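Since the structure comes first, as structure tokens, the remarks are kept for the end.
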Amino acid sequence: MTRVSDFRSDTVTRPTAEMYEAMARAELGDDVLGDDPTVNRLEALAADMLGKEAGLFVTSGTQGNQIGIALHCKRGDELICEFGAHTYNNESGAMVVIAGAQPRPVKGKAGVMDPAEVESLIRPTNIHNPRTALITVENTHNGAGGTIVPLENVRALGEVARRHKLKFHLDGARLWNAHVATGISLKDWCRDFDTVSVCLSKGLCSPAGSILVGSRADIERGRYLRKQLGGGMRQAGILAACGLVSLTKMVSRLAEDHRNARTLAQGLAKLPGVTVDLATVQTNIVFFALPNREKELPQLLARLSDKGVLALALGGRVRMVTHHDVSHEDVALALDAWKSVIG
Ligand code: TLP
């Protein structure tokens with residue numbers, strides 16, 4: 001069988017051997033009744049690591065974000081988010097359906113919004129306007145290429161939110177990568193936010209699951225919303241056992257993924273007709289373009305796949321993501337495959 005190097009996402013990883021063992025040994029209960037000890041441990045650990053009062057194990061990053069948004073926005077409220085945000089572009093319009101909130105996107109630079117611009121978009125109170133209720137940030141920013149939203153920017157946006165009594169939510173699906181790349185503690189990254197959603201299945205090898213953290217009161221209400229969304233899982237300790245391995249063993253190794261992404265990006269930049277903005281390659285995501293060959297992308301990716309390398313076409317560009325299950329050799333293989341496919 002040909003070896004497959006799957007760079008489509010850091011969600012494609014399989015559970016590690018330690019996770020399979022943890023699943024087999026996990027102490028279980030019924031989490032809807034609140035007595036699954038493994039889920040309770042995971043929620044408490046995540047809350048502690050991120051510096052918040054409480055945590056809620058949810059099915060996915062989308063569910064974590066949407067519960068966060070629904071906690072802070074009433075029907076008809078508006079939230080300010082970055083133009084390329086996952087919550088705005090890739091969550092199937094959920095904020096409109098679930099919270100009933102409408103987005104006010106702001107075009108950022110590499111995913112970073114200008115605090116003055118954000119502040120200028122906050123609606124004055126009158127009967128014509130929707131009420132601005134929430135500012136959201138995505139860190140790292142997937143659509144911008146895994147870029148890090150700098151801490152000073154987070155602080156400045158948090159300041160705007162507080163000044164206008166708005167809530168502040170972080171889509172921290174890949175906050176781990178920002179933490180490892182900068183050395184800034186998770187607690188520091190989370191300090192300004194009311195709620196933070198983090199993923200266990202992106203880069204950290206868990207098969208499923210995310211955690212929403214925040215105040216005890218928000219998380220209590222979040223538990224109710226999770227039930228409404230059908231996210232109440234019973235012996236969820238099976239999954240939480242993997243989550244505990246993710247949080248305790250899998251975070252620091254992300255540095256290796258970052259090194260592999262850099263090698264991949266530098267190699268791609270040397271190929272004829274490939275455009276990569278190396279400045280945006282800050283963590284584990286590489287976006288690149290093949291100018292004037294956008295229409296050929298499906299065929300090029302199919303030929304790449306015949307060579308055992310998988311990548312994704314997103315918005316006219318190619319995205320490749322490094323993770324636990326692709327090695328330095330896979331990167332070399334991918335570069336060779338691209339070389340021959342590009343012709
Ligand atoms: N992102 C997926 C795709 O949906 C694009 C990926 O392969 O990167 N926030 C961010 C920043 C994300 O990148 C994702 C997943 C989510 C939230 C949603 O997580 P899930 O898929 O668990 O709902």
Side-chain angles (χ1 to χ4, degrees), residues 11 28-47 50 52-81 85-104 130-138 161 166-173 175 190 193-202 206-243:
T11 59
L28 304 175
D30 186 328
D31 183 48
V32 176
L33 302 179
D35 62 18
D36 186 300
T38 311
V39 172
N40 293 342
R41 261 174 52 221
L42 177 71
E43 291 179 342
L45 176 65
L50 302 168
K52 301 293 177 201
E53 284 176 4
L56 179 68
F57 187 44
V58 293
T59 57
S60 63
T62 300
Q63 195 175 69
N65 282 330
Q66 295 305 326
I67 292 175
I69 291 170
L71 282 172
H72 305 310
C73 298
K74 295 198 294 288
R75 279 168 67 83
D77 281 353
E78 191 163 78
L79 67 82
I80 299 175
C81 62
H86 195 277
T87 47
Y88 175 49
N89 297 284
N90 303 99
E91 299 187 6
S92 322
M95 66 172 76
V96 178
V97 176
I98 297 167
Q102 68 179 24
R104 186 96 189 263
R131 182 184 77 109
T132 310
L134 173 68
I135 300 172
T136 64
V137 171
E138 182 174 315
L166 309 183
K167 297 293 182 176
F168 198 33
H169 171 79
L170 173 65
D171 176 354
L175 184 65
C190 294
F193 294 100
D194 295 285
T195 47
V196 176
S197 170
V198 287
C199 291
L200 302 166
S201 61
K202 282 159 207 79
S206 276
S210 292
I211 305 172
L212 180 73
V213 297
S215 69
R216 217 173 291 290
D218 274 347
I219 293 304
E220 205 173 299
R221 208 158 71 77
R223 207 171 284 282
Y224 178 80
L225 295 173
R226 184 187 70 175
K227 185 69 168 59
Q228 280 190 329
L229 294 172
M233 296 184 287
R234 301 294 179 168
Q235 283 69 54
I238 290 270
L239 290 171
C242 296

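None of these values were measured; they are calculated from a predicted model.
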Atom of [X], atom of [Y] and distance for their closest heavy-atom approach:
{"X": "A54", "Y": "I219", "value": "O-CG1, 3.5 Å"}
{"X": "D36", "Y": "A236", "value": "OD2-N, 3.7 Å"}
{"X": "N65", "Y": "L170", "value": "OD1-O, 4.4 Å"}
{"X": "G243", "Y": "L200", "value": "CA-CD1, 3.9 Å"}
{"X": "M95", "Y": "P103", "value": "SD-CB, 3.7 Å"}
{"X": "G237", "Y": "V39", "value": "N-CG2, 3.6 Å"}

**Request:** Show your reasoning for whether side-chain contact (heavy atoms from CB on, under 4.5 Å) applies to L212 and T195.
**Result:** CA-CA 7 Å; L212 180 73; T195 47; 4.1 Å; yes
**Message:** Between the side chains of D77 and K167, is the shortest nitrogen-to-carboxylate-oxygen separation below 4.0 Å, so that they form an ion pair?
**Reply:**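 No salt bridge links K167 with D77.
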**Prompt:** Distance-only, no hydrogens or angles: does the K52 side chain make a donor-acceptor pair with backbone N or O of C190 under 3.5 Å?
**Reply:** yes
**Prompt:** Applying side-chain hydrogen bond (donor to acceptor under 3.5 Å, both in side chains), which residue pairs with at least one partner in residues 209-223 are found, sequence neighbours left out?
**Reply:**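 Pairs touching residues 209-223 that pass the test: E43-R223.
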Please report, to 0.1 Å, the donor-acceptor pairs under 3.5 Å made by any side chain of residues 227-235, with sequence neighbours excluded.
residue: R234; atom: NH1; partner: D30; partner atom: OD1; Å: 3.2
residue: R234; atom: NH1; partner: D30; partner atom: OD2; Å: 3.2
residue: Q235; atom: NE2; partner: G29; partner atom: O; Å: 3.1

Would you give the length of the straight line joining atom [atom1] of [X] to atom [atom2] of [Y], rounded to the nearest 0.5 angstrom?
{"X": "L166", "Y": "D194", "atom1": "CG", "atom2": "CG", "value": "10.0 Å"}
{"X": "S201", "Y": "L239", "atom1": "OG", "atom2": "CG", "value": "10.0 Å"}
{"X": "Y88", "Y": "I80", "atom1": "OH", "atom2": "CD1", "value": "13.0 Å"}
{"X": "L45", "Y": "N40", "atom1": "CG", "atom2": "CG", "value": "12.5 Å"}
{"X": "D171", "Y": "C199", "atom1": "CG", "atom2": "SG", "value": "7.0 Å"}
{"X": "E78", "Y": "C73", "atom1": "CD", "atom2": "SG", "value": "9.5 Å"}

**Asked** Mind checking whether H72 and H169 have parallel, tilted or perpendicular rings, split at 30° and 60°?
**Response** tilted
**Request:** For the residue pair L71 and L225, establish whether any side-chain heavy-atom pair is separated by less than 4.5 Å.
**Result:**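 SC-SC contact between L71 and L225 confirmed.
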**Prompt:** Got F193 and V137 here, is their nearest side-chain heavy-atom distance under 4.5 Å?
**Reply:** yes
**Complete:** Which of I98, V97, T62 passes side chain to side chain contact (heavy atoms under 4.5 Å, CB included) with E91? Answer is T62
